[in-house]
Number of protein chains: 2
Amino acid sequence: MKALKDKILTEGIVLSDHVLKVDSFLNHQIDPFLMMEIGKEFANRFKEAKVTKILTIESSGIAPAVMTALTLNVPVIFARKRKSLTLIDDLLTAPIYSFTKKETNEISVSNKFIEAGDQVLIIDDFLANGEAANGLVTIVKEANAHVAGIGIVIEKSFQNGGKKLRELGYRVESLAKIQTLANGKVNFANEEAPLK
Amino acid sequence: MKALKDKILTEGIVLSDHVLKVDSFLNHQIDPFLMMEIGKEFANRFKEAKVTKILTIESSGIAPAVMTALTLNVPVIFARKRKSLTLIDDLLTAPIYSFTKKETNEISVSNKFIEAGDQVLIIDDFLANGEAANGLVTIVKEANAHVAGIGIVIEKSFQNGGKKLRELGYRVESLAKIQTLANGKVNFANEEAPLK
């Protein structure tokens, strides 16, 4: 997705060989127009997938997920990293290990909002080792619902989360795939269509 | 705002005299069309306020804030409740006391994204005692920016956050003001225009 890649090239900050900071438009400050374009792009890529619900995880997944939901005309649910005091329903939960924080946290979704038969499109901002996406997949399965696909804004192709999810048979659509962050530079994966 | 009040009446769950659960459309599952309507309504109410940035707080403020930002054509920044590992900039911070959790947490915003001279519209999902809104006001002031106004989706008028903010001179626009939650029922404040 050209607009996204352009934004990454102009505003992304390479902090190390594996950390890209995009907090000027995605993770802290949010560019609402880019989010709308991202939502339209996900909606277009998954338009045949009969999506009934979108599932994301707080906080940076919410903006792209809501825009996708608006275009696909379905509700969006965000998994909580910390339990809400008013979330008294039965919960679908999954553990997520954070490689950066070196700790496991439980994410949770009320079982009211994902039901058997739902076709759930999972949306998240980043895909690296796949911990968050796998946790969301676990929650969809716990609900006896179906994973319609996984939409990722930025995939770090040099980590193995995307590879593992695709090997499991999930359709993973990433709007920007980063091959390397070596030498302080963003290099997109060759498999991506050329910038146009 | 009629669509919001209708949604509160049909889907809101009164958990106690002071707790209203709206997690089917705002706090956990999100109705993207209602969020868009809310965004347009805030944008309309603050259209003369020369807003340059929108500031909200993760997670439930993000969806209405992004939709408002889209309509007003400005970026949105969400304050973090927990520090990001890649958020290495100088931070604007404020303490927020949670009456429900009985603990104080520090919220933070990178000082890159709110600058002196900015006209900042603060958006949040709920206003009760005003702790979150006051924390966001503190952050705007730390940046030597100006509070253009405060937009709240649901104000609990029986708690004093809105009253205190208005007495301080801030323009607070709440799309639904709840007078009481007594006897398990939602009663909107009389000062609201009649449903039309």
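Quantities reported herein were computed from a predicted structural model and do not represent experimental measurements. Chain identifiers are assigned alphabetically (A, B, ...) following the order of the sequence lines, protein sequences preceding nucleic acid strands; residue numbering begins at 1 within each chain.
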For residues B:A182 and B:D17, report the shortest heavy-atom separation together with the two atoms involved.
CA-OD1, 3.9 Å
Please answer whether the main-chain N or O of A:S108 pairs with a side-chain N or O of A:T93 as donor and acceptor at a distance below 3.5 Å.
no
Quick check against the 3.5 Å criterion: does B:D6 have a side-chain atom that pairs as donor or acceptor with the backbone of B:A3?
no
Please classify the contact between B:I13 and chain A as side chain, backbone, both or neither, with a heavy-atom cut-off of under 4.5 Å.
side chain
Please classify the contact of B:S24 with chain A as side chain, backbone, both or neither, using a heavy-atom distance under 4.5 Å.
both
Highest number of heavy-atom pairs under 4.5 Å with chain B among A:T68, A:L70, A:L55 belongs to A:L70
With chain B as the partner, which of A:V74, A:I114, A:N73, A:D31 has the greatest number of non-hydrogen pairs under 4.5 Å?
A:N73
Can you list the steps and then say if A:R166 with A:E155 is a salt bridge (Lys or Arg N to Asp or Glu O under 4.0 Å)?
CA-CA 13 Å; A:R166 290 181 182 99; A:E155 177 176 345; 2.8 Å; yes
